[in-house]
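Report on the structure given below.
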Amino acid sequence: MGGNQDISEALQADVVQAAESGQQLCLQGGRSKDFYGRELIGEPFDLNQHRGIVDYEPTELVVTARGGTPLTEIEAALAAQHQMLPFEPPHFTEASTIGGAIASGLSGPRRPWFGAPRDLLLGIKLLDGRGQILNFGGQVMKNVAGYDLSRLMAGALGTLGILLEVSIKVLPLPPQETTLLFEADAENAHAITQRMCLDAAPISGSCHMDGQLYIRLECDETRVLQLRNRFGGELVEDAEMFWRALRDQQFAFFQTDVPLWRLSMPPAADFGLPGKQLIEWGGALRWFKGDHSMEAIRSAVSATGGHVTLFRNGDRNGEIFHPLNPTIAFLHQRLKRVFDPKSIFNSGRLYPE
Amino acid sequence: MQGQSDNNSLRRQQQRQTLADAFLKMLPADAVIFREEELVPYECDGLSAYRQVPLIVLLPYDTGQVQTILRYCHTNKIPVVARGAGTGLSGGALPHEDGVLLSLARLNKILEVDQSNLRARVQPGVRNLAISDAARSHGLYYAPDPSSQIACSIGGNVAENAGGVHCLKYGLTVNNLLEVTLITIEGERITLGGGGLDSPGLDLLALMTGSEGMLGVVVEVLVKLLPIPAKAQVILAAFDEVEAAGNAVAAIIASGIIPAGLELMDNLSLRAAEAFIHAGYPVEAAAILLCELDGSEEEVAVSVKFVCSILKQSGASKVRISKDDTERQRFWAGRKAAFPAVGRISPDYYCMDGTIPRKRLAMVLKKIAEMSQRYDLRCANVFHAGDGNLHPLIIYDANIPGELEKAEKFGGEILELCVAVGGTITGEHGVGLEKINQMCAQFPDAELEIFHAVKAAFDPHNLLNPGKAIPTLSRCAEFGAMHVYAGQLRFPELERF
């Protein structure tokens, strides 16, 4: 903990060499998300030693850290100032880093109400595939000078470059959190969540599984009482552990070796296929296990305007992410060439190249 | 020389007629505008200092016609400038001399308000405020609210990544979009984003937002809607010193409250607004802060009390709380009309849009006041204080020879100061044509080359809004002769970032 070193020059030299020799690199931070995305290809390239918080001023609501900084270190520094990373990044393991959290684009239970990495990312220092160190965005809240290439890196799974530094918008920790539990089937659970949303209830998490709906609220007792009078729900003690376990997928539901599908879709949309589901984000995120072909699942979700990811297990060499329209796929290839012309970074992790 | 200019004019007429004939075969007659007198209204956007009559204006009725136009322009290598409501402040929709001005004004339908999924599907020409108007009966609204929201269109909001007074809490346009359908320069229709909260592959939706019409033409937008808060109240605090108002902003943020809006107006701008709108502003104050808090009835009551005490501790000489929604709207009306209000007291004004770290607020305001004296031009300051997004309004008279150039120089110096203190030249108005030289101060050549390569990935022949947003390296080299990169000469006393 607390290591602080800038090894960008060494990383830069290695990248220049890899670009010259055409050596493919497999970018690695805390390796907490090795399971995610397509097969890992290339020489392991460790980014953990490039770490440390570079700048953090609570009143500016921005933290800047090197990519290899552990999430736990950043979250502890923020918590000491009563602040948080609003997208509640999944850790999966203790080694998870901020670079990986941004590169994966994954968010926790707060996401529908507080945004994803792409929403909170204000600026980056990028090491591109030519070995250039480039700065995009900045540390201010609003910035429309030039194309928004920072946000493009969120969720790119390291295919466009190495995130040497990231600047992220932070928010105050909620003074109080309360979790309510409702006994409800999926349909009722959705109705309750939706009515609470329309009532502008300060929701910061929702989870439906096994006939139970958990709703996390950020408000004082008076408001909680009002909401309970209107919607019902039992108070859950010590719910912090519950939300952390959900965020890091520690529930039995996720401990599986069958394909785990991640369905991203409109919250009220109907997903007709039978199977076991865990529903988050007020319906916008559904984890699904079921004995169906990839095509069947994709076509059911596509029909709602959503998309499917094979999140864990299954054939990691196949189509993990939803296929792209040919014009968009072509744009992906061109953008890859802009940032990584020799294709040395995380080749094929997102889509086959 | 006279003969040559006549020749040029004749050639231009011929070009115009050729294009008109071609488009009249593809589009309804009233979608093709090519008579000189009818083209003039399109010669500028909200930045009237720059004017250029386009070769031709096209007003398609549907997406299919937009595709037809872009295919033709692509095949024939004709520049295209897309335009929404033309309210932009950076010259982003300034026409190209030899190009098509593509107005999306007729794609103006709200296709669906989907209450159960909290979203609305709209065409690009729909006005920003019209979305909230349509959503109101569902108890919903669209959060980003640029001051021009009565007139500006959502397509333009996407192109500029528009902000507004409420983006401190609710985010910019980029944070409130789910999906954008656009037409590429080849005439292909693509959809970025989707019905879920994320989409597969690279986040091209984020890249497209704020790209100033350089990468594609927006033809449909799926926006997020939010439930209307049960209660919203505005606190109006008066200060005897601008610096104290700036410090109060930091104190509010430090206390753990994120207001729905937090705006600062200096004496010149608040007096102009008061004379125009009669919002009830204290005209003797050096500065006022407007702080909006929203939520449930009880939450607002608690936070209003809390913020009032912070404001008083920070030296506010007077604190007023909006007593009802009418008064709240009136407090905002003055702020939202600040630009036209300053327009009334000045022959012309030039609006800047730099953003800085909040902690630099007081220092930057002081420097701007010094510049104002040095250039002998008045400058009103209105801004999104919570975001550190400044809008200095430089007052000048275009009829006085050399005064516009002086105002531009003053503005350029403000933007370079913003970069020097770790900020940016534009927070929400875009670079357009106006701030293209200052891009050279903000970005080194390597970054600019990447921007050009990204542009080429979408538009290899540089036909979409050419010459805007990203300066060529040669332009920067030329600009660099009079300006020193990263402010090494200017503001030498400042700590560097």
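What's counted below: heavy atoms across the whole structure, side chains too, no hydrogens, waters or symmetry copies. Letters go in sequence order (proteins before strands), and every chain restarts at 1.
A donor and an acceptor atom, one from each side chain of B/Glu298 and A/Gln226, are located under 3.5 Å apart.
With a 4.5 Å cut-off on side-chain heavy atoms, B/Pro357 and A/Gln139 do not count as touching. Put simply, the side chain of B/Leu118 reaches to within 4.5 Å of the side chain of A/Leu198, judged on heavy atoms. At least one side-chain heavy atom of B/His384 sits under 4.5 Å from a side-chain heavy atom of A/Lys142. In this structure, the side chains of A/Asn143 and B/Gln442 come closer than 4.5 Å at one or more pairs of heavy atoms. Inter-residue side-chain proximity for B/Leu172 and A/Val144 is flagged as unmet; no heavy-atom pair is nearer than 4.5 Å. A heavy-atom distance below 4.5 Å is not found between the side chains of B/Glu212 and A/Tyr147. A 4.5 Å side-chain heavy-atom check between B/Leu204 and A/His332 finds at least one atom pair inside the cut-off. For the pair A/Arg334/B/Pro460, a side-chain contact is recorded, criterion being any heavy-atom separation below 4.5 Å from C-beta on.
Atom CZ of A/Phe330 sits about 12.0 Å away from atom CD1 of B/Ile190, to the nearest 0.5 Å.
In this structure, chain B has heavy atoms under 4.5 Å from both the backbone and the side chain of A/Leu61. Contacts between A/Thr159 and chain B at a heavy-atom distance below 4.5 Å involve the side chain alone, from C-beta outward. For chain A, the nearby parts of B/Leu205 are the backbone and the side chain; heavy atoms of each come within less than 4.5 Å. For B/Ile253, the part lying near chain A is the side chain, with the backbone staying farther off; criterion is any non-hydrogen pair under 4.5 Å. Heavy-atom distances place both the backbone and the side chain of B/Glu428 under 4.5 Å from chain A. When heavy atoms are compared at a cutoff of 4.5 Å, B/Ala456 approaches chain A solely by way of its backbone atoms N, CA, C and O. Using a 4.5 Å cut-off between heavy atoms, B/Pro471 does not touch chain A at all.
Between chain A and the options B/Val431, B/Asn389, B/Asp387, heavy-atom pairs under 4.5 Å are most frequent for B/Asp387. Ranked by heavy-atom pairs shorter than 4.5 Å toward chain B, the options A/Pro266, A/Ala329, A/Pro174 are led by A/Pro266. Across B/Arg119, B/Lys435, B/Met208, B/His429, the residue that shares the most heavy-atom pairs under 4.5 angstrom with chain A is B/Arg119. Of all the listed residues (A/Leu149, A/Thr309, A/Thr304), the one sharing the greatest number of non-hydrogen pairs under 4.5 Å with chain B is A/Leu149. The residue among A/Asn325, A/Leu331, A/Leu350, A/Val308 with the most heavy atom pairs within less than 4.5 Å of chain B is A/Leu331. For the set A/Asp148, A/Leu134, A/Leu157, the entry with the most heavy-atom pairs within less than 4.5 Å of chain B is A/Leu134. Here A/Arg151 is the residue among A/Arg151, A/Gln132, A/Gln83 with the most heavy-atom pairs under 4.5 Å with chain B. Listed options A/Arg130, A/His322, A/Arg223, A/His82 were ranked by heavy-atom pairs under 4.5 angstrom with chain B; first place goes to A/Arg223.
Legend: residues meeting salt bridge (Lys or Arg N to Asp or Glu O under 4.0 Å) with B/Glu449, ordered by chain and number and at least two apart, are absent. With sequence neighbours excluded, the residues that form a salt bridge (Lys or Arg N to Asp or Glu O under 4.0 Å) with A/Glu57 are B/Lys359. Applying the side chain to side chain contact (heavy atoms under 4.5 Å, CB included) criterion to B/Glu179, with sequence neighbours excluded, gives B/Arg121, B/Thr181, B/Thr191, B/Leu222.
Between the side chain of B/Arg358 and the main chain of A/Glu60, a donor-acceptor pair closer than 3.5 Å is present. Distance alone, capped at 3.5 Å, is enough to place a donor-acceptor pair between the A/His307 side chain and the B/Asp198 backbone. Between the B/Asn117 side chain and the A/Ala268 main chain, a donor and an acceptor come within less than 3.5 Å of each other. Side chain of A/Arg111 to backbone of B/Leu197: a donor-acceptor contact under 3.5 angstrom is found.
For B/Phe451 and A/Phe136, the ring centers sit closer than 6.0 Å to each other.
The nearest pair of heavy atoms linking B/Gly422 to A/Val140 is O-CG1, 4.0 Å. Nearest approach of A/Pro202 to B/Glu299, heavy atoms of both residues: CG-OE2, 4.1 Å. Listed here is the closest heavy atom pair of B/Pro227 and A/Cys197: CG-O, 3.0 Å. The two atoms that bring B/Thr424 and A/Ala145 nearest to each other are OG1-CB, 3.6 Å, heavy atoms only. Nearest heavy atom pair, residue A/Ile133 against residue B/Glu447, reads O-OE2, 4.1 Å. Between B/Gly196 and A/Ser264 the shortest heavy-atom distance is CA-OG, 3.6 Å.
Contact annotation for residues 114-125 of chain A against chain B (heavy-atom separation below 4.5 Å, listed by residue number): A/Arg118, A/Asp119.
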task: Could you check B/Phe458 against A/Leu335 for side chain to side chain contact (heavy atoms under 4.5 Å, CB included), going step by step and ending with a plain yes or no?
output: CA-CA 9 Å; B/Phe458 285 80; A/Leu335 287 170; 4.3 Å; yes

